[in-house]
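Note that this is a predicted model, so its numbers are computed, not measured. Residue numbers start at 1 and run along the sequence shown.
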Amino acid sequence: MSASTSVFVVARNPQADSRLPYLVRLPLEDGLVLKARAPWPATARVYCHRFEEPWPEHADVVDEALVLVCRRRGPAVDLVLDRPRQARSQFVFTEVKGREAIFWQTQKTARAANPGGRVPRGRKLAEPVTITVDTRERYPYRFAHQDVDTVRATVAAGDYAIHATDGRLLAAVERKSLDNLASTLSDGSLVFQLQRLAELPLAAVVVESRYSALFKLEHVSGALLADQLTRLQVRYPGIPIVFADTRRHAEDWTHRFLTTALTDAAEPS
């Protein structure tokens, strides 16, 4: 295989005294190398640890495959290989007793394991959370039931945003009442809002109503609105449109979406 090809490689660990007898190399960054207890999570999750030395020059390779997807998603890395079996897995980076722990799992082994024992839950952020509310937002969410601060400022896209400590915009949410959703679908302006949201690292639209309420609006065809909404969701699959039932649920979902984006950004690489 050429050097430019993304390849997943498993080799024997040259450290004879290690309890993790395999090395796993992922085509991530400059090549992430982990020590692993097994060459694949066939029957149980596999414990891994970072390999701090260079990849062995004469590695004893036991498995190799082309990579279709190797992508970080928050505290996890999704891995999809170009082969019919043993193709999909995930590496979960978490902490156990204050130390980094890495678990390699498949859907089957994750289901069989204790679901609360190793998969990381909500991580408490060390710094207070501040949500930016766009200055043009009328009657904004106050997040009175959440432990966050708000600040008024211009948001590039959306109505609510979260920023990293260095000022980078991490995620934004566009809020819609049912009437506003219907009007922006009817006049075509929603597509331009989605265009701007698509330029951000993460974005979503939250609707303060149920999907079924579209079909109960007067003076407009609910079926036509649903068709337009579906077409936009197909064209912008990276921007979820969430019907949150009520304003309070939409506020709660907005808070969870933005703070989760901040938590994931704060996870150690």
Minimal heavy-atom distance between A203 and L197, with the atoms involved, is CB-O, 3.6 Å
So L194 and V205, side chain to side chain contact (heavy atoms under 4.5 Å, CB included) or not? Walk me through it. CA-CA 9 Å; L194 292 179; V205 176; 3.9 Å; yes
Check the pair F91 / L32 against side chain to side chain contact (heavy atoms under 4.5 Å, CB included), numbers first and verdict last. CA-CA 11 Å; F91 293 83; L32 176 62; over 6 Å; no
Measure the spacing between CD of Q146 and CD1 of I131 and express it to the nearest 0.5 Å. 7.5 Å
Strictly distance-based, threshold 3.5 Å: is any side-chain N or O of Y141 a donor or acceptor partner for the main-chain N or O of Y160? no
Please report the interatomic distance OG(S209) to CG(L178), rounded to the nearest 0.5 Å. 4.5 Å
Distance from Q90 atom CD to R71 atom CZ, nearest 0.5 Å? 13.0 Å
What I'd like to find out is whether the side chain of Q86 reaches to under 4.5 Å of the side chain of L81, using heavy atoms alone. no
Quick one: pull up OG1 in T132 and CG in L169 and give me the separation to the nearest 0.5 Å. 7.5 Å
I'd like to check R50 versus V33 (side-chain heavy atoms, cut-off strictly below 4.5 Å). Are they in contact? no
Using the test side chain to side chain contact (heavy atoms under 4.5 Å, CB included), find all partners of A261 that sit at least two apart in sequence or belong to another chain. I162, A171, L202
If you look only at pairs with a residue in residues 230-243, which of them pass as a salt bridge (charged side-chain N to carboxylate O under 4.0 Å, His left out), with sequence neighbours excluded? none
Minimum heavy-atom distance L26-C70, with the two atoms named: CB-SG, 4.2 Å
Of all pairs that satisfy salt bridge (charged side-chain N to carboxylate O under 4.0 Å, His left out), the ones with a partner from residues 206-224, not counting sequence neighbours: R175-E208, E208-R247, R210-D245
Starting from L262, can I reach F257 by hopping between I/L/V/M/F/W/Y residues whose side chains sit under 4.5 Å apart? yes
Test salt bridge (Lys or Arg N to Asp or Glu O under 4.0 Å) applied to R136 - qualifying residues, sequence neighbours left out: D134
Side-chain donor or acceptor of E64 paired with backbone N/O of V7 under 3.5 Å: no
Please say yes or no: joined through hydrophobic side-chain contacts below 4.5 Å, possibly via intermediate residues, are V242 and L229 part of one cluster? no
Across all chains, not counting sequence neighbours, the ring-ring contact (aromatic ring centres under 6.0 Å, His included) partners of F243 are Y211
Qualifying side chain to side chain donor-acceptor pair (under 3.5 Å) pairs with a residue from residues 182-202, counting only residues at least two apart or across chains: K176-Q193, D187-S189
Nearest heavy-atom contact between A110 and Q105 is CB-OE1, 3.6 Å
Which residue pairs pass the ring pair (Phe, Tyr, Trp, His ring centres under 6.0 Å) test when at least one of the two sits in residues 171-198, sequence neighbours left out? none
Should the pair R25 and F51 be classed as cation-pi, given the thresholds of under 6.0 Å to the six-membered ring centre and 45° from the axis? no
Are I102 and F8 connected in the hydrophobic side-chain network, where two residues link if heavy atoms are under 4.5 Å apart? yes
Under 4.0 Å between a side-chain nitrogen and a carboxylate oxygen: does that hold for D252 and R256? yes
Report the residues that fulfil side chain to side chain contact (heavy atoms under 4.5 Å, CB included) with A198, sequence neighbours left out, ordered by chain and then residue number. Y236, I239
Report the distance from atom OG1 of T246 to atom CZ of R248, rounding to the nearest 0.5 Å. 8.0 Å
Side-chain contact test, heavy atoms from C-beta onward, threshold under 4.5 Å: evaluate it for V133 versus D159 and give yes or no. no
Could you list all the ring pair (Phe, Tyr, Trp, His ring centres under 6.0 Å) pairs where at least one residue sits in residues 28-50, not counting sequence neighbours? W40-W104, Y47-F103
Quick check: closest heavy atoms across W55 and V24, and the distance to 0.1 Å? CZ3-C, 4.4 Å
Would you check if L170 and L258 make a side-chain contact, meaning some heavy-atom pair closer than 4.5 Å? no
Minimum heavy-atom distance between R142 and T150, given as atom pair plus value: O-CG2, 4.5 Å
Step through the shown structure and confirm whether more than 12 heavy atoms of other residues, nucleotides or ligands are within 6.0 Å of CZ on R152. yes
Show me the pairs that pass ring pair (Phe, Tyr, Trp, His ring centres under 6.0 Å) and involve residues 14-39, at least two apart or across chains. none
Scanning both residues in full, the closest heavy-atom pair of T109 with P41 reads CG2-O, 3.2 Å
If Ile, Leu, Val, Met, Phe, Trp and Tyr residues are connected whenever their side-chain heavy atoms lie under 4.5 Å apart, and connections chain through other members, are V206 and L181 in the same group? no
Starting from V80 and following side-chain heavy-atom contacts under 4.5 Å between hydrophobic residues (I, L, V, M, F, W, Y), which residues can be reached? L68, V69
Which salt bridge (charged side-chain N to carboxylate O under 4.0 Å, His left out) pairs, counting each pair once, include a residue from residues 73-85, with sequence neighbours left out? D63-R83, R73-D78
SG of C48 to CD of E100: how many Å apart, nearest 0.5 Å? 10.5 Å
From CA spacing to verdict: side chain to side chain contact (heavy atoms under 4.5 Å, CB included), H145, H255: CA-CA 10 Å; H145 299 281; H255 166 262; over 6 Å; no
Identify whether L232 and L224 are in the same connected component of the hydrophobic contact network (ILVMFWY, side-chain heavy atoms under 4.5 Å). no
Determine, step by step, whether K35 and L23 satisfy the side chain to side chain contact (heavy atoms under 4.5 Å, CB included) criterion, reporting the C-alpha distance in whole Å, the side-chain angles of both residues, the deciding distance to 0.1 Å, and the verdict. CA-CA 5 Å; K35 296 185 288 187; L23 298 183; 3.7 Å; yes
